[in-house]
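I have placed the structure first, in the form of structure tokens, so that the comments after it can refer back to it.
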Number of protein chains: 2
Amino acid sequence: MNKLNQREVQNLGFLLNFPFHWTGMQRRTSKRVWETRYVVKKMRIPEATVMRLAVYSRLLENLQKRDIVTTSSGDIAEGAGVSPAQVRKDLAYFGEFGTRGVGYNVEELCGHVRRILGLNQKWPSVLVGAGKLGSALALYEGFNIRGFHIVGVFDVDPNPIGNRFGSIKVLPMEHLERVIKKENVRIGIITVPAVAAQEVGERLVKAGVKAILNFSPHVINLPADIIVRNVDFSLHLEVLAFNLTFELTECEDVGV
Amino acid sequence: MNKLNQREVQNLGFLLNFPFHWTGMQRRTSKRVWETRYVVKKMRIPEATVMRLAVYSRLLENLQKRDIVTTSSGDIAEGAGVSPAQVRKDLAYFGEFGTRGVGYNVEELCGHVRRILGLNQKWPSVLVGAGKLGSALALYEGFNIRGFHIVGVFDVDPNPIGNRFGSIKVLPMEHLERVIKKENVRIGIITVPAVAAQEVGERLVKAGVKAILNFSPHVINLPADIIVRNVDFSLHLEVLAFNLTFELTECEDVGV
DNA sequence: TAGATTGTTAATCGATTAACAATC
DNA sequence: TAGATTGTTAATCGATTAACAATC
């Protein structure tokens, strides 16, 4: 590999269009000659940062609707319930979007955040499991608004087959692979009972799905390159219940 | 306050039944006399730990169903997709539940985890917003199974009023406060559109609700002692979308 | 005792925050 | 220039992990 200097490494990062950091390492090539190699590392973005960015994007959309032109890290922080430093840090992973002394242009920043999150494109998705929850999700407008179009709903049970959700109808599992290929689906949503979740997950991955939103209470084991999010509702209720019981025995610093 | 020694402070923590740590602080009371005060502090449990405990409880219930008597941190870790050290650490916040050299008794540990999470009691809850999502949630058995009983469904819209979900029917908002008081409800679930979320949240809190599961895409601002979890689905889809786009530009450490 | 597994410590890793220089 | 707000650094805070003594 060629030797690059700091400036060239930075430019490389910019060209490749990803958040990065570089480190210089000195190495002795002969008794008196030291060589400095620069290494570009892709920066790991904390998951919490991504979640917050999704919240910021909502706030920015609201500001846009209300025709507000300029905002600040303080405003955003207040709306999202975090600190202004946090907001600036989150954004700093991806670039410089503001003007010192002035703030951020709402429309511009909104566009940047949406681009970062990948919301400037359509995400065709499939949903497996047309039970109560699956049906509600298939009809949920919230997904469409943000670019997540459910292009196929599937079920093993012959009962719901043929039911319509808007323009799409429930299909038997045999068609799963065909639809995924045809529509270039990369996101799968699982709303089947716990026992079937693992099997469905594996089948989705085999058919080409790269990311899975798992609503079933079963944790799925899939290859490391597949992105899985477990979003079982009762998990959240349990965290609430824990906090409620735990608060009861709460005890401020007790000097004794 | 009385002066206690280390041992007494530890006992106090055990008596009050919470995870704690203590620290000794020395203070000069007169020119030559130093006094040591011990301070009990409630241990902060990481939210990630609570989420994982909820996952462990599901795995343990599965093992119980399959009549498996003994398990290990390794087994649990594999099922939950975390490290064995993580499992042991998570449990260690709350006590010693295993036997060295042997492992954990499934039934026993399951009981402990359920008690820690507060699942050994009933949690009457109300749901505001009887739209598509609200209806699906009202019918979702997953909640009942884990002790979360929806005792009231409410809506401002007169259309769904009177609809039945199992044994309960949709009531107008006027009855909200009455039901919350009568059933001693401490958990509220919000499935109203974004614009109404803040108002509904405030009304729930005023009526006595202590914890809120917010499915609307709007972040609610409530008093600090109220526990709020925002669980907008598309938030999760956006994290998936980010990871999918981000992966595309992924780049291993590049030596240059 | 040998093998296994827990509970706990210290080291490591990573995220948040306070503070401030840079800038409008 | 004075006031305001960003972008970035270093310090702090907190969570995870590797390793091992304790124990069956």
Checklist entry - Minimum heavy-atom separation for A194(B) to H218(B), with atom names? => result O-CB, 3.6 Å
Item to check | Residue pair Y93(A) / I116(A), side-chain heavy-atom distance below 4.5 Å | outcome: no
Item to check | Atom-to-atom span, CG of N105(A) to P of dT5(D) - whole angstrom | outcome: 16 Å
Next on the checklist: Among dT5(D), dA15(D), dT16(C), which nucleotide has an atom closest to any side-chain atom of P46(B)?
Outcome noted: dA15(D)
Checklist entry - What's the closest nucleotide to the Q86(B) side chain, out of dT16(C), dT17(D), dT8(C)? => result dT17(D)
Checklist entry - Can you find a heavy atom in the side chain of I45(B) that is under 4.5 Å from one in the side chain of L53(B)? => result no
Next on the checklist: Check this one for me: any side-chain N or O of R52(A) less than 4.0 Å away from OP1 or OP2 of dT16(C)?
Outcome noted: yes
Next on the checklist: Please check if the number of heavy atoms outside E78(B) that lie under 6.0 Å from its CD is greater than 12.
Outcome noted: no
Item to check | Nucleotide dG7(D), atom P - distance to CZ of R100(A) in whole Å | outcome: 7 Å
Checklist entry - Does a distance-only test, which skips hydrogens and angles, find a donor-acceptor pair under 3.5 Å between the side chain of R88(B) and the base of dG7(C)? => result yes
Checklist entry - Do the non-hydrogen side-chain atoms of R146(B) and R58(B) ever get within less than 4.5 Å of each other? => result yes
Next on the checklist: Between L244(A) and I187(B), is there a side-chain heavy-atom distance shorter than 4.5 Å?
Outcome noted: yes
Checklist entry - Atom CG of L91(A) to atom P of dT5(D): distance rounded to whole Å? => result 16 Å
Next on the checklist: Main chain of N221(B), side chain of Q198(B): is a donor-acceptor contact present, judged purely on distance under 3.5 Å?
Outcome noted: yes
Item to check | Nearest to side-chain heavy atoms of T99(B), which nucleotide of dC24(D), dT16(C), dT8(D) | outcome: dC24(D)
Checklist entry - Starting at the 5' end of DNA chain D and moving along, which residue's nearest nucleotide shows up first, A92(A) or G103(A)? => result G103(A)
Checklist entry - Going from CG on L213(A) to OG1 on T191(A), what distance comes out if it is rounded to the nearest 0.5 angstrom? => result 10.0 Å
Checklist entry - For atom CD of Q121(B), is the number of surrounding heavy atoms from other residues, nucleotides or ligands below 6.0 Å larger than 12? => result yes
Checklist entry - Okay, side chain of S234(B), backbone of L237(B): is any donor-acceptor separation there less than 3.5 Å? => result no
Next on the checklist: For a quick test of reading the model: is some side-chain N or O of Y93(A) closer than 4.0 Å to OP1 or OP2 of dT8(D)?
Outcome noted: no
Which atoms of nucleotides 9-12 of chain D (N or O only) lie under 3.5 Å from a protein N or O atom, and what are those distances?
none

Item to check | Interatomic spacing from OG1 in T245(B) to CZ in R186(A) - rounded to 0.5 Å | outcome: 8.0 Å
Item to check | Audit row: L240(A), F148(B), side chain to side chain contact (heavy atoms under 4.5 Å, CB included) steps and yes/no | outcome: CA-CA 11 Å; L240(A) 287 188; F148(B) 301 97; 5.9 Å; no
Checklist outcome for this item: E108(A) CD to dT6(D) C1', in whole Å, measures 14 Å
Checklist entry - E47(A) has an atom CD; how far is it from atom C1' of dC13(C), in whole Å? => result 17 Å
Checklist entry - Rounding to a whole Å, what distance do you find between F97(B):CZ and dC24(D):C1'? => result 19 Å
Checklist outcome for this item: Within residues 61-83 of chain A, those residues having any heavy atom closer than 4.0 Å to DNA chain C are S83(A)
Next on the checklist: Can you work out whether D90(A) or G101(A) has the more 5'-proximal nearest nucleotide on DNA chain C?
Outcome noted: D90(A)
Next on the checklist: Expected output check: what is the dot-bracket annotation of DNA chain C, where ( ) and [ ] are pairs inside the strand (brackets for crossing ones), | is paired with another strand, and pairs are Watson-Crick or G-U under 3.5 Å?
Outcome noted: ..||||||||||||||||||||||
Checklist entry - Whole-Å distance between dA4(C) C1' and Y104(B) OH? => result 13 Å
